[in-house]
Trainee: 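Sharing a structure, written as structure tokens. Questions coming.
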Amino acid sequence: MFIPASEKEITNQLTILGQATSRPWALIGSLLDQAERSGGWQGEASSFTQWMRGVALSLDLRESSVWRYLRATRIYQELRADLATRGHSLPALQSLPKWVSAENLELFSKLHRVAPQEKMDEIALRLIAGNIVRNELRTLWYDFRPAMAGRTAQGRGVRTPVVDHAKPGTANSLLEAEVFSILRAGWQGWAHGTPLNVNELFTHVALPLAGNCIDKFWTIDAVVVLRRAANGPIELHGIEVRTPRILSPRDFYLFDKSNALFDYMWIASNRTDFLLNDTLEIEHVGLLLIESGQMIVARPATKRADSGARSGDLAKCLLLTALRHA
């Protein structure tokens, strides 16, 4: 792919692209990037924004699309340089495979502000190899987004917010997203080596502690619906994510009161020193330990006399949730 060097060549190439049937976003983005960095637009418009509007018209594209191409170009340039420092070699912008879209790079950039570095390296390599689709990227972003606490980068010149991984509330949100990511990938830790017939994840589920789907008192982090064999029973597993090493009195109360909704209940933590006292309220609760992107069963969950007694109430709420998102 030929990348022009002079301001005149940039303008000529954009004019040619306006008449072309094949217009790779990476070429357009590279030309726009060169134009802004060189100031080559200044003789044609009163502002770069106005110039971009003209480019969008000449290319018969939405204005939002040309801005996206410019952002994606810079995202990829920074990503390529960053991964090179850790020994990963990515193709030049001009040689990007067709499946690497500007939209996916924007989603990747959002994730990069919040997700752990080691996870982002894995996602970046999968993205370039074509082994991750947009829906998966979007789901990952939805899982990690709560750690941003509503902060977004709005407008040019606004500093892009980055998550402080050391803050207690942020740490819990990040661990929660990591647990969701492991579960969405089809974690088989409770299958004992046998592929599961059903393995579905619901996140942030409001529990019907009062007996219906309207009066809610506690939102549990995750509910996993699984079945071990085609003719086996459905199991409902409730999972709470915790970064502190001890539970609060409220946690004890809620695990006790919500137990009848679940067949099994779990706490997921990245603390190897997590203290899970065998008191009456939580003697049945299992412990899932997350280390280096992996999740293991540190303590199996067991059933109490009332386990699953009201699982039908929870199943109805899950069904309503599924229908709303169908």
Trainee: Tell me whether the centres of the aromatic rings in Phe255 and Trp266 are closer together than 6.0 Å.
Mentor: no
Trainee: Measure the shortest side-chain to side-chain distance between Thr139 and Asp143 over non-hydrogen atoms and say whether it is less than 4.5 angstrom.
Mentor: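 Counting from C-beta outward, Thr139 and Asp143 do come under 4.5 Å.
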Trainee: Does Leu318 share a hydrophobic cluster with Ile234, counting links as ILVMFWY side-chain heavy atoms below 4.5 Å and allowing steps through other members?
Mentor: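 As far as the 4.5 Å side-chain criterion goes, Ile234 and Leu318 are connected within one cluster.
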Trainee: Is there a side-chain contact between Gln294 and Trp187, using heavy atoms and a 4.5 Å cut-off?
Mentor: no
Trainee: Does any donor atom in the side chain of Glu78 or His112 lie under 3.5 Å from an acceptor atom in the other side chain?
Mentor: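 Side-chain D/A pair, Glu78 to His112: absent.
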Trainee: Return yes if a side-chain donor-acceptor contact under 3.5 Å exists between Asp221 and His204, otherwise no.
Mentor: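 Side-chain D/A pair, Asp221 to His204: absent.
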Trainee: Can you check side chain to side chain donor-acceptor pair (under 3.5 Å) on Asn172 and Thr243, steps first, answer last?
Mentor: CA-CA 6 Å; Asn172 204 81; Thr243 47; 3.1 Å; yes
Trainee: Identify the heavy atoms of Leu207 and Leu314 that sit nearest to each other, and give their distance.
Mentor: CD2-CD1, 4.0 Å
Trainee: Do Ser46 and Gln50 meet the criterion of a side-chain donor-acceptor pair at a distance under 3.5 Å?
Mentor: yes
Trainee: Ignoring hydrogens, what is the shortest heavy-atom contact between Ala35 and Trp51? Give both atom names and the distance.
Mentor: CB-CH2, 3.4 Å
Trainee: With no hydrogens and no angle check, just 3.5 Å: does a side-chain donor-acceptor pair link Ser248 and Asp251?
Mentor: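 Looking only at side-chain atoms, Asp251 and Ser248 do form a donor-acceptor pair, the distance falling under 3.5 Å.
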Trainee: Does some side-chain heavy atom of Met52 sit less than 4.5 Å from a side-chain heavy atom of Thr49?
Mentor: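 No; the side chains remain at least 4.5 Å from each other.
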Trainee: Return yes if some donor-acceptor pair links the side-chain N/O of Trp25 with the main-chain N/O of Ser65 below 3.5 Å, else return no.
Mentor: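 It does not hold such a pair.
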Trainee: Would the number of heavy atoms belonging to other residues, nucleotides or ligands and lying under 6.0 Å from CZ of Arg62 be above 12?
Mentor: no
Trainee: Could you work out, with salt bridge (Lys or Arg N to Asp or Glu O under 4.0 Å) as the rule, every residue matching Glu178, not counting sequence neighbours?
Mentor: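 Salt bridge (Lys or Arg N to Asp or Glu O under 4.0 Å) check on Glu178 returns nothing, list empty.
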Trainee: Measure from the side-chain N and O atoms of Gln188 to the backbone N and O of Gly186, and report whether any donor-acceptor pair falls under 3.5 Å.
Mentor: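 Yes; judged by distance alone, with no hydrogens or angles, the pair exists.
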Trainee: Would you say CG of Asp60 has more than 12 non-hydrogen atoms from neighbouring residues, nucleotides or ligands within 6.0 angstrom?
Mentor: no
Trainee: Per the side-chain hydrogen bond (donor to acceptor under 3.5 Å, both in side chains) rule, which among Asp306, Thr302, Asn259 passes with His284?
Mentor: Asn259
Trainee: Run the salt-bridge test on Arg74 and Glu36 with the 4.0 Å N-O cut-off and return the result as yes or no.
Mentor: yes
Trainee: Of all heavy-atom pairs between Leu83 and Ala124, which one has the smallest distance, and what is that distance?
Mentor: CD1-CB, 3.8 Å
Trainee: Looking at Thr73 and Tyr69, would you say the former's side chain and the latter's main chain have a donor-acceptor pair under 3.5 Å?
Mentor: yes
Trainee: Would you indicate whether the side-chain heavy atoms of Ser181 and Lys119 approach each other to under 4.5 Å?
Mentor: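 Touching, per the 4.5 Å side-chain cut-off.
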Trainee: Ion pair present between Glu106 and Arg71, side-chain N to carboxylate O less than 4.0 angstrom?
Mentor: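 Salt bridge: yes.
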Trainee: Between Arg304 and Asp256, is there a donor-acceptor pair closer than 3.5 Å when you use the side chain of the first and the backbone of the second?
Mentor: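 Yes, Arg304 side chain to Asp256 backbone: donor-acceptor pair under 3.5 Å.
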Trainee: Is it the case that the side chain of Ser109 and the backbone of Leu105 share a donor-acceptor pair, with hydrogens and angles ignored and the cut-off at 3.5 Å?
Mentor: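 Pair absent, no side-chain N/O of Ser109 close to backbone of Leu105.
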Trainee: What are the two closest non-hydrogen atoms of Asp82 and Gln117, and how far apart are they?
Mentor: OD2-NE2, 4.0 Å
Trainee: Do the side chains of Ile239 and Phe180 get nearer than 4.5 Å, heavy atoms only?
Mentor: no
Trainee: Thinking salt bridges, do Glu240 and Arg242 make one under a 4.0 Å N-O criterion?
Mentor: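 So Glu240 pairs with Arg242 through a salt bridge.
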Trainee: Using only atom types and a distance under 3.5 Å, with no angle test, would you say the side chain of Arg310 pairs donor to acceptor with the backbone of Ser258?
Mentor: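 No, Arg310 side chain to Ser258 backbone: no donor-acceptor pair under 3.5 Å.
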Trainee: Taking ILVMFWY side chains as joined if any heavy atoms are under 4.5 angstrom apart, and letting links pass through other members, which residues group with Ile296?
Mentor: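 Members alongside Ile296: Leu289.
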Trainee: Heavy-atom distance under 4.5 Å between the side chains of Val55 and Glu44, does that happen here?
Mentor: no
Trainee: Under 4.5 Å between side-chain heavy atoms, chaining through other members, with only Ile, Leu, Val, Met, Phe, Trp and Tyr counted: pull out the rest of the cluster around Leu57, sorted by chain and number.
Mentor: none
Trainee: Should Trp67 and Phe48 be marked as a ring-ring contact (aromatic ring centres under 6.0 Å, His included) after you check the CA-CA gap, both sets of side-chain angles, and the distance that decides it?
Mentor: CA-CA 11 Å; Trp67 283 109; Phe48 185 67; 5.7 Å; yes
Trainee: Hey, are Arg184 and Glu136 close enough for a salt bridge, meaning a charged N less than 4.0 Å from a carboxylate O?
Mentor: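 No.
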Trainee: May I ask you to test the His237-Asp263 pair for a side-chain heavy-atom distance under 4.5 Å?
Mentor: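 Heavy-atom side-chain distance check fails, nothing below 4.5 Å.
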Trainee: Is any side-chain heavy atom of Arg134 less than 4.5 Å from a side-chain heavy atom of Glu103?
Mentor: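 A side-chain contact under 4.5 Å exists here.
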Trainee: With the 4.5 Å side-chain cut-off for hydrophobic clustering, are Val133 and Tyr142 part of the same group?
Mentor: no
